[in-house]
Protein chains: 2
Amino acid sequence: MSAKSKRPLSGCPIDYALSVFGDRWSLLIVRDLAIKGVKTYAELLEGWEGISTNILAQRMKHLEDKGIVKKRKNPDNWRSSLYELTPKGSDLAPLLSEIILWGGTYNEAEKPMNEAYKKVRSDRAEFEEEIRSNVRNAADGTQATEFR
Amino acid sequence: MSAKSKRPLSGCPIDYALSVFGDRWSLLIVRDLAIKGVKTYAELLEGWEGISTNILAQRMKHLEDKGIVKKRKNPDNWRSSLYELTPKGSDLAPLLSEIILWGGTYNEAEKPMNEAYKKVRSDRAEFEEEIRSNVRNAADGTQATEFR
DNA sequence: GCTTCAACTTGCATTTTGCAAGTACATAAG
DNA sequence: CTTATGTACTTGCAAAATGCAAGTTGAAGC
């Protein structure tokens with residue numbers, strides 16, 4: 001069962017959340033957009049984990065449908081599009097923090113993202129604020145849902 | 001690609017975390033053990049989302065292998081086993097909090113777990129402490145990894 | 001009207017999932 | 001000692017999702 005599953009949701013917020021990003025790739029895509037500063041389809045393809053192009057296309061559409069990312073034209077390159085987190089997407093920042101903390105604590109062989117791990121540990125608030133501010137700077141008028 | 005994927009991990013803590021619980025079911029199982037107080041295989045089968053028995057068996061083995069849950073005999077019923085979170089598993093409590101907050105914020109049709117959502121919002125620290133204390137009370141000698 | 005490049009789409013083999021049914025096995029009951 | 005019972009799984013098979021390689025699209029530049 002994938003993140004796009006047709007199984008009726010139970011109504012549990014965790015089940016809902018998993019229906020949005022509960023698969024092997026969605027949060028890695030969110031990570032790339034939120035932390036690594038990746039923006040184009042081609043850059044996402046080159047990620048550390050090597051997603052294949054059909055799956056990436058499928059996931060981006062899903063994440064767009066679920067309101068996590070949005071696509072716009074790259075003003076500097078007519079060929080390329082830019083993917084960006086929506087406010088709903090950047091509200092995943094605290095979740096990313098927790099995953100990084102847990103993963104960083106229990107992962108034996110760590111290498112990439114050590115910087116992010118240290119950052120979250122030393123100044124979690126700023127780590128999350130940076131993700132959110134990127135979204136605010138993405139020039140459009142969508143309004144953030146009140147989050148807490 | 002499932003949570004058990006053989007794809008080499010990138011070393012990123014998020015990638016590691018997803019290799020442990022990055023599928024459609026693992027966190028629902030953790031939820032049942034951590035929040036709903038479910039303990040037996042049969043109870044897990046009856047969860048809101050209706051996991052099938054072969055998948056549940058597979059996931060429990062995976063979660064055991066990854067050190068998230070452990071199984072012990074039920075002292076009160078010779079037939080049944082009790083599944084419990086390890087300290088590594090209960091260290092997912094803050095992650096559960098964040099998922100519940102995010103899911104509760106953006107999920108339209110909510111019903112079950114509203115209690116948990118309200119609890120996290122009103123007293124997140126206690127919500128997480130309850131999960132951890134259940135693990136400490138599970139009589140065995142494993143030591144918690146220092147988490148933060 | 002031919003090329004280029006970023007973003008996909010398609011075809012097909014492999015893997016994972018879901019469903020229904022069956023098995024294992026320790027004790028309890030007769 | 002033979003059969004029943006309950007709990008935790010296995011097994012077989014169809015359906016769906018994934019991964020890989022290759023092909024397609026479409027606007028602009030030449």
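Nothing here was measured: the structure is a model prediction, and the numbers come from that model. A, B, ... follow the sequence lines: proteins, then strands. Residue 1 opens every chain.
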Undergrad: For A:Arg59 and D:dG19, what is the distance between atoms CZ and C1' respectively, to the nearest whole Å?
TA: 12 Å
Undergrad: Between D:dT10 atom P and B:Ile55 atom CD1, what is the distance in whole Å?
TA: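 Interatomic distance, CD1 of B:Ile55 to P of D:dT10: 13 Å.
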Undergrad: Going by heavy atoms closer than 4.0 Å, what residues in residues 40-52 of chain B are next to DNA chain C?
TA: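 Heavy-atom contacts with DNA chain C come from B:Ser52.
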Undergrad: Start at the 5' end of DNA chain D and walk down; is the nucleotide closest to A:Asn54 or to B:Tyr83 reached first?
TA: B:Tyr83
Undergrad: Going by the rule side-chain contact (heavy atoms from CB on, under 4.5 Å), which residues pair with A:Asp65 if we only count those two or more places apart in sequence or in a different chain?
TA: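 Expected list: A:Lys61.
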Undergrad: Report the residues that fulfil side-chain hydrogen bond (donor to acceptor under 3.5 Å, both in side chains) with B:Glu64, sequence neighbours left out, ordered by chain and then residue number.
TA: none
Undergrad: Under 4.0 Å, heavy atoms only, any strand: does B:Lys73 hit a base, just the sugar-phosphate, or nothing?
TA: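 If one applies the 4.0 Å heavy-atom cut-off, B:Lys73 turns out to touch nothing in the nucleic acid.
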Undergrad: Look at the side chain of A:Glu129 and the backbone N and O of A:Ala125, then say whether any donor-acceptor pair between them is shorter than 3.5 Å.
TA: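 Checked: no pair found.
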Undergrad: Run the side-chain contact (heavy atoms from CB on, under 4.5 Å) test against B:Thr53 and tell me which residues pass, sequence neighbours left out.
TA: B:Tyr41, B:Leu45
Undergrad: Strictly below 4.0 Å: does B:Trp25 bring a side-chain N or O up to OP1 or OP2 of C:dT16?
TA: no
Undergrad: Encode nucleotides 21-29 of chain C as B, S and - characters from 5' to 3', where the letter depends on protein heavy atoms closer than 4.0 Å: B to the base, S only to sugar-phosphate, - to neither.
TA: B----BS--
Undergrad: Rounding to a whole Å, what distance do you find between A:Gln58:CD and C:dA7:C1'?
TA: 16 Å
Undergrad: Could you point out which residue of B:Thr86, B:Val30, B:Leu33 forms a side-chain contact (heavy atoms from CB on, under 4.5 Å) with B:Val69?
TA: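 Passing option: B:Leu33.
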Undergrad: Are B:Phe21 and A:Trp102, when compared by the centres of their aromatic rings, separated by less than 6.0 Å?
TA: yes
Undergrad: So if I take residues 31-39 of chain A and measure heavy-atom distances to DNA chain C, which residues fall below 4.0 Å?
TA: none
